[in-house]
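Have a look at the structure below before the remarks.
Residue numbers begin at 1 in each chain, while the letters A, B, ... track the order of the sequences. Predicted model, so just to flag it, every value in this text is computed and none were measured.
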Protein chains: 2
Amino acid sequence: MKVTDDSSPLCPVARALTCVGDSWTLLILRDAMQGARRFDEFQRGLGIASSMLTRRLERMVSNELLEKRCYQRHPPRHEYHLTAKGHDLAPVILTLYRWGEQHLPIEASGFQLVDRRTLDPVEPILYDRCHDRPLSPGDVCLAPGPDANPAVHARVERMRNALGRGDFPDSQPAAARADCRAAMAASDSINE
Amino acid sequence: MKVTDDSSPLCPVARALTCVGDSWTLLILRDAMQGARRFDEFQRGLGIASSMLTRRLERMVSNELLEKRCYQRHPPRHEYHLTAKGHDLAPVILTLYRWGEQHLPIEASGFQLVDRRTLDPVEPILYDRCHDRPLSPGDVCLAPGPDANPAVHARVERMRNALGRGDFPDSQPAAARADCRAAMAASDSINE
DNA sequence: TCGGTCACTTTCATTATGGAAGCGACTCTA
DNA sequence: TAGAGTCGCTTCCATAATGAAAGTGACCGA
């Protein structure tokens, strides 16, 4: 991947994706969050080629998502432990989990997300820490920061226009959204 | 990518990554959420090769993240609009945004996330809709669902053991975590 | 009529990936 | 104590994915 747009280095999403922008990295993180530590644990849990696993673990160590800890000398052997930086990707994994569950359903239910202590089901959604209330993605917009360049301003303006036009499913009151969905469902069935 | 572990088809994260497990797809979604619709808008915003963009847009349409809408016949031209399924990936993008901001900081500040109406800054964190309270990833654990196979049980057990050992940064008592959050908030304001 | 734009497609060199085999230092079993 | 097995890799190679560049056909505006 080679992004060239002027706003890219300023965009936290683009920066994040240089670190975690491939499936293997995220699946390795998932397994690490589930307690995997050693080379063969990752290999078995993923069905990944060993050469690929070596490359990914090296990159993740150099990106400080994992740290090597020696557990044996002669020959030197290491475990790969999550760093705080790696661990902080848990919200990304959890939101992916929820999206996969909602939008790529299967017959069988193999896993459940639960509270660690009570074992009650949990359902992660977004919350705004600044205002102490649940956060609907449609309420979020971009604003230019102090160091914005023209490419940033163009992005921000385009997003404002799109939100202003009501382009997105939930940039509307909940009732209107339900109506819209019903209408779409109706027109879908007509088109078929 | 070719995952072969028995628990993979049952894991919503693995399923999600078959759809959105590459950087281009997520960056295209980012731009779509910022109002991009047409081929050249995506191309300029990403600096992506046109052949790659064609392939990615096709795949995203077939995965129902985007839908084609004809805006001109002769020659037929289409806009790519987010579907509800695509739009629901906004929480993934937003959590990535926050992680990039926190862990891959740069000198300059090009963008800010703000409330669409008030323009107040917002800060997305996770929240548990089932219990109506903020959710620390360390409180979440996996449980086997009704259709769990041995691979699923092995994963769940490994995760329980890891949490029991206190392997992870925030698998600590809630009081310690609250202190930690307060300390983080304090150091944030000092750093500015 | 001429250049420019838009939305692609095609071609081709470069790079990434997956599969398989090998290796060195153990450990476990007979 | 010989032999087999395990662990954590590395190396090699065929195949697949990607990026750069050039080409295309229908429009549009001067």
From [options], nucleotide with atom closest to [X] side chain:
X	options	answer
A:Thr54	D:dC7, D:dT10, D:dA20	D:dT10
B:Arg55	C:dG18, D:dT18, C:dC6	D:dT18
B:Phe39	D:dG8, D:dA20, C:dC8	C:dC8

Quickly work out the [X] [atom1] to [N] [atom2] distance and round it to whole Å.
X	N	atom1	atom2	result
B:Gln43	D:dT18	CD	P	16 Å
A:Asp22	D:dA16	CG	P	20 Å
B:Leu57	C:dC8	CG	P	8 Å
A:Arg37	D:dC7	CZ	C1'	18 Å
A:Arg77	C:dA25	CZ	C1'	7 Å
B:Ile48	C:dA7	CD1	P	15 Å
A:Leu53	D:dG8	CG	C1'	10 Å
B:Met52	C:dT10	CE	P	15 Å

Between atom [atom1] of [X] and atom [atom2] of [Y], what is the distance when rounded to the nearest 0.5 Å?
X	Y	atom1	atom2	answer
A:Ile28	A:Asp22	CD1	CG	8.0 Å
A:Gln34	B:Leu142	CD	CG	5.0 Å
B:Ser8	A:Leu27	OG	CG	6.5 Å

For [N], does either OP1 or OP2 sit under 4.0 Å from a side-chain N or O belonging to [X]?
X	N	value
A:Tyr71	C:dC26	no
A:Trp24	C:dG18	yes
A:Arg56	C:dT17	yes

Check: Heavy atoms under 4.0 Å, any strand shown: does A:Phe42 hit a base, just sugar-phosphate, or nothing?
Finding: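 Touches nothing.
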
Margin query: Base, sugar-phosphate or nothing for A:Arg38? Non-hydrogen atoms, less than 4.0 Å.
Written below: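 Here A:Arg38 touches the backbone only, sparing every base.
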
Next item on the list: Check if the side chain of B:Ser51 and the base of C:dT11 share a donor-acceptor pair of N or O atoms closer than 3.5 Å.
Entry: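 Side chain to base: no pair below 3.5 Å.
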
Margin query: Is it true that, when you exclude A:Glu157 itself, more than 12 heavy atoms of the residues, nucleotides or ligands shown sit nearer than 6.0 Å to its CD?
Written below: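 No, not enclosed.
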
Checklist line | Short N-O contact, A:Asp40 and A:Arg38, less than 4.0 angstrom | finding: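 Between A:Arg38 and A:Asp40 there is no salt bridge, as every charged N stays at least 4.0 Å from the carboxylate O atoms.
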
